[in-house]
Amino acid sequence: MLDLAFIREHPDAVRAALLHRNENPGRVDHILAQDARRRELLQEVEELRAERNRVSKEIPQLKDQAAREQRIAQMRQVGDRIAELEEQLRQVEAELEKAMLDMPNLPHPSVPVGPDETHNIVVREWGKLPEFNFEPVPHWELGPELGIIDFERGVKIAGSRFYVLRGAGARLQRALISWMLDVHTREHGYTEVYPPFIVKEECMWQAGQLPRLAENIYHDVEDDVWFIGTAEIPLTGLHHDEILDAEELPLRYVAYTACFRREKMSAGRDVRGIKRGHQFDKVEMYKITTPEDSYAELEAMVEDALDICRRLGVPHRLVQICTGDLGFHSSKTYDIEMWAPGCGEWLEVSSLSNCEAFQARRANIRYRPEPGAKPRFVHTLNGSGLALPRVMIAVLENYQQADGSIVVPEVLRDWMGGLEVIRGASG
RNA sequence: GGAGGGAUGGCCGAGUGGAUGAUGGCGACGGUCUUGAAAACCGUUGUGGCCGGAAGGUCACCGAGGGUUCGAAUCCCUCUCCCUCCGCCA
């Protein structure tokens, strides 16, 4: 959510930001109109409430019965008028809140302006694209061949976009999760968190998943609970309604979770392989910082994700997202992509964003700069560190051998029981 | 799933229709005293909205949402969460 006072004071800046995001700038005017109406009603209703409070204090002091009855009758009328105005106020506030919750975040000035993903900027690349003395094979062939990915049975159990990992495949994923968590906790200063994978609807609003992403979220209607599409959701809820001490900041969390997505908007796309499933695993980094520190912390988080890529020895690149491709809740986002030689494409393995106070306002997460000072909203940041199935793809396809086996990256071997080469499910 | 009990400020805990946010204690902060500290004593100590340059004014908030009333922490209804016991269970 944006700061209403900021919209009031800088409507042109907000309109410009909306244009850069391919959104209708007219919603600013709708919000300003609702806000003006709200304040008008609020003033009127509060004057009446003040009068009622005052007279209600006088009534028990009145000895004269007739005067007393007269005041009560007057206040009954005032009460009716208050009720009318309150109803109008409720409607205006509901409309205003709805409009505010549907406003995307403002892009940071450093974000390149552009209409869509073709205007994203490749900031830097690492590693040479591998050359093979054979034709590299996509993972959807490598996996079944080795008996470590079973697409047919995944579909049999759960339907399309599901798969089963098996043997060394399942273990490789578990090794990646454990290794990445260990690197982030031991070397990058994050605290490991294991959150719920299912949350209340309010968490979805707080993280900015609702209202826009409703179509893409699994929702259990019977208990009215929502399945998380990313650990960012429960991690945003973690400090909901809290006032943190300045000394606690920055908070740096890392969480492994499964993630669930309906992929309604991607119907028919990326249907081969494990790139885009309804369920996938992810290690997520999350930070809560002061407004002053958030951009330095974003750069540090990007480095933490790049460190994982580097150690895995997989070619990768850093991409800066332009305004037209920026997520609803983000002020600034970098993506990290790994090269997958088998399917011949760059795979998004991480998306790292500074949401500034956007989520903090929705979730009411504040901190006190110093004892006695007024609380301020924190900034929240999130970034994958990294998303599993795509890292699996990159590892399988980059480390494949002519005979169809996979060399286990050295950094993972301690987490794979010393296994050096995956030759089949039994490994 | 069944039965019962709860939810008040940073924490504990009073308060069942009308006084400066809503006793009191703890904690925290400031001060007096002291070489320093402790103790003692005194004081301060929630969040947000609106109006205002400011001083200040005003409203709301006692788990959430409705209702009754001139007036609700207090009475009524619905919901959520927590606790205890029983049942089931990884």
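Below, chain A is the first sequence line, B the second, and so on; all start at residue 1. Since the model is a prediction, treat every value here as computed from it, not as a measurement. Note that these values count all heavy atoms, side chains included, but never hydrogens, waters or copies made by symmetry.
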Nearest whole Å is fine: how far is [N] [atom2] from [X] [atom1]?
X	N	atom1	atom2	value
Glu47(A)	U58(B)	CD	P	12 Å
Glu69(A)	C70(B)	CD	C1'	10 Å
Arg368(A)	U45(B)	CZ	C1'	10 Å
Lys200(A)	C79(B)	NZ	P	16 Å
Ile72(A)	U69(B)	CD1	C1'	10 Å
Glu46(A)	U58(B)	CD	P	11 Å
Leu42(A)	G48(B)	CG	P	16 Å
Asp224(A)	U80(B)	CG	P	10 Å

Short N-O contact, Arg54(A) and Glu58(A), less than 4.0 angstrom: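 Between Glu58(A) and Arg54(A) there is a salt bridge, with a charged N closer than 4.0 Å to a carboxylate O.
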
Lys/Arg-Asp/Glu bridge criterion (N-O < 4.0 Å) met for Glu23(A), Arg212(A):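 A salt bridge links Glu23(A) with Arg212(A).
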
Whole-Å [atom1] distance, [N] and [M]:
N	M	atom1	result
G5(B)	C89(B)	P	28 Å
A72(B)	A60(B)	P	9 Å
C12(B)	G17(B)	C1'	27 Å
U84(B)	C26(B)	C1'	27 Å
C61(B)	U74(B)	C1'	16 Å
G24(B)	G43(B)	P	11 Å
U69(B)	A64(B)	P	23 Å
G63(B)	C81(B)	C1'	7 Å

Base paired to [N] (Watson-Crick or G-U; both N/O distances under 3.5 angstrom):
N	value
A28(B)	U44(B)
A3(B)	U84(B)
A90(B)	none
U23(B)	none
G65(B)	C77(B)

Of the listed nucleotides G49(B), G18(B), G48(B), the one nearest the side chain of Arg366(A):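 Nucleotide nearest to Arg366(A)'s side chain: G48(B).
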
Side-chain N,O (Asn53(A)) to OP1/OP2 (U58(B)) below 4.0 Å: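 Looking at the OP1 and OP2 atoms of U58(B), neither is under 4.0 Å from any side-chain N or O of Asn53(A).
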
Any Arg39(A) side-chain N or O less than 4.0 Å from OP1/OP2 of C51(B):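 Affirmative; the distance criterion is met.
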
Glu215(A), CD: over 12 other non-hydrogen atoms inside 6.0 angstrom: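 It does not: Glu215(A) CD has 12 such atoms or fewer within range.
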
Glu145(A) atom CD, over 12 foreign heavy atoms within 6.0 Å: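 At most 12 heavy atoms, drawn from other residues, nucleotides or ligands, come within 6.0 Å of this atom.
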
RNA chain B: 5'-proximal contact among Ile59(A) and Ser56(A) (nearest heavy atom):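 Looking at RNA chain B, the more 5' nearest nucleotide goes with Ser56(A).
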
Arg76(A) vs Ile243(A), nearer the 5' end of RNA chain B by closest nucleotide: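 Result of the comparison: Ile243(A).
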
Sugar-phosphate only, base, or nothing, as touched by Arg8(A) at under 4.0 Å among non-hydrogen atoms: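 Sugar-phosphate, backbone atoms only, no base.
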
Pair His278(A), Tyr218(A): side-chain N/O donor-acceptor within cut-off below 3.5 Å: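 Short answer, yes.
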
Name of the residue among Met338(A), Met180(A), Glu410(A) meeting side-chain contact (heavy atoms from CB on, under 4.5 Å) with Leu312(A):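 So the option named by the test is Met338(A).
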
Proximity of His239(A) and Tyr253(A) rings by center, below 6.0 Å: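 For His239(A) and Tyr253(A), the ring centres are under 6.0 Å apart.
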
